[in-house]
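Working notes, structure below.
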Protein chains: 2
Amino acid sequence: MKTRVRQFGALGQEDRLRIFRLLVRAGPEGKCVDEIKRRLKIPGSTLSHHLDTLERSGLLAARRSGRFIYYAIDWPETANLIRFLTEDCCAEMHKSIRPRTGATAAQNAEDS
Amino acid sequence: MKTRVRQFGALGQEDRLRIFRLLVRAGPEGKCVDEIKRRLKIPGSTLSHHLDTLERSGLLAARRSGRFIYYAIDWPETANLIRFLTEDCCAEMHKSIRPRTGATAAQNAEDS
DNA sequence: CCTACATTTCTAGTATTCTAGAAATGATTG
DNA sequence: CAATCATTTCTAGAATACTAGAAATGTAGG
């Protein structure tokens, strides 16, 4: 769950969410730091910290190519985050609309 | 997008994510503050702040019943958050696995 | 109305995060 | 190997968030 906290936290900041969305649209090649900087008008050092936060959360992956470092969405990990939200929440959401008797997807232990 | 930042931020804190998950499992009736407090062992004033943060983000709704205040997941708003993530990200995710030529769901303006 | 109890606000100390200029690092190209 | 350019680290100030005890507020039932 700590990973999820870090990932939600990473997206819970305006510039970082803008970065994330830009990179989603950039596709698997991602974008280099300099282009993100020019596009979103974020000072270099600030941007570097935000990219670091996003990368350490697992949502971004960095890759060097020539003198540029490209950041791109880490899709497997992003998919995990979406699954965390949908399986823990949507299953219950649907259950509350059309109640069922059987087991649900929200039996992941953790908490009491 | 500011709403999404606030919502991700609300989930980006360990105790608040625990509260959220507890309430997901609690279903539409939710749980009163005192039970959340006993279950998660969070001091009253701290819990009150966290519930306020979650409510102001739109992810929780409060309802009074007798002397208790019940907090429950706001499912429409939670669904919006999930949709934000899946429509902005999953569409691109699938595109990057099987590329398409047509328009995608990720044309919501915002950013450059 | 007064007591009991649930919940929130007040208060304040501590910790974390955000920000960005300047300096340092790392890599490529001529 | 020198020059250049991309990126990160250093540094430090400002802002925001977290925490929780104590006091205040609100509600219900006797």
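Letters A, B, ... mirror the listed sequences (proteins, then strands); counts begin at 1.
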Between D/dT8, C/dT7, C/dT9, which nucleotide gets closest to the side-chain atoms of B/Ser45? C/dT9
Kindly point out which of C/dT7, D/dA28, D/dT4 is positioned nearest to the side chain of B/Arg67? D/dA28
Heavy atoms from C-beta onward define the side chain here; which of C/dT28, C/dC5, C/dT7 lies closest to that of B/Cys32? C/dT7
Within the pair A/Gln13 and C/dT19, is there a side-chain N or O less than 4.0 Å away from OP1 or OP2? yes
Closest nucleotide among C/dA6, C/dT28, D/dA20 to the B/Asp34 side chain: C/dA6
So do A/Leu11 and B/Leu85 actually touch side chain to side chain, heavy atoms under 4.5 Å? yes
Any A/Tyr71 side-chain N or O less than 4.0 Å from OP1/OP2 of D/dT8: yes
Any salt bridge (charged side-chain N to carboxylate O under 4.0 Å, His left out) pairs touching residues 60-78 of chain A, not counting sequence neighbours? A/Arg4-A/Glu77
Of D/dA20, C/dT8, C/dA4, the nucleotide closest to the side chain of B/Ile69 is C/dT8
Side chain of A/His49 (C-beta onward), nearest among D/dT7, C/dA4, D/dT11: D/dT11
Counting side-chain heavy atoms from C-beta on, which of C/dT8, D/dT27, D/dT7 comes nearest to A/Lys37? D/dT7
What is the distance from CD of A/Glu35 to C1' of D/dC5, rounded to the nearest Å? 16 Å
For C/dC18, does OP1 or OP2 lie under 4.0 Å from any side-chain N or O of A/Arg16? yes
Which value, rounded to the nearest 0.5 Å, describes the distance between A/Thr53 atom OG1 and A/Gln7 atom CD? 12.5 Å
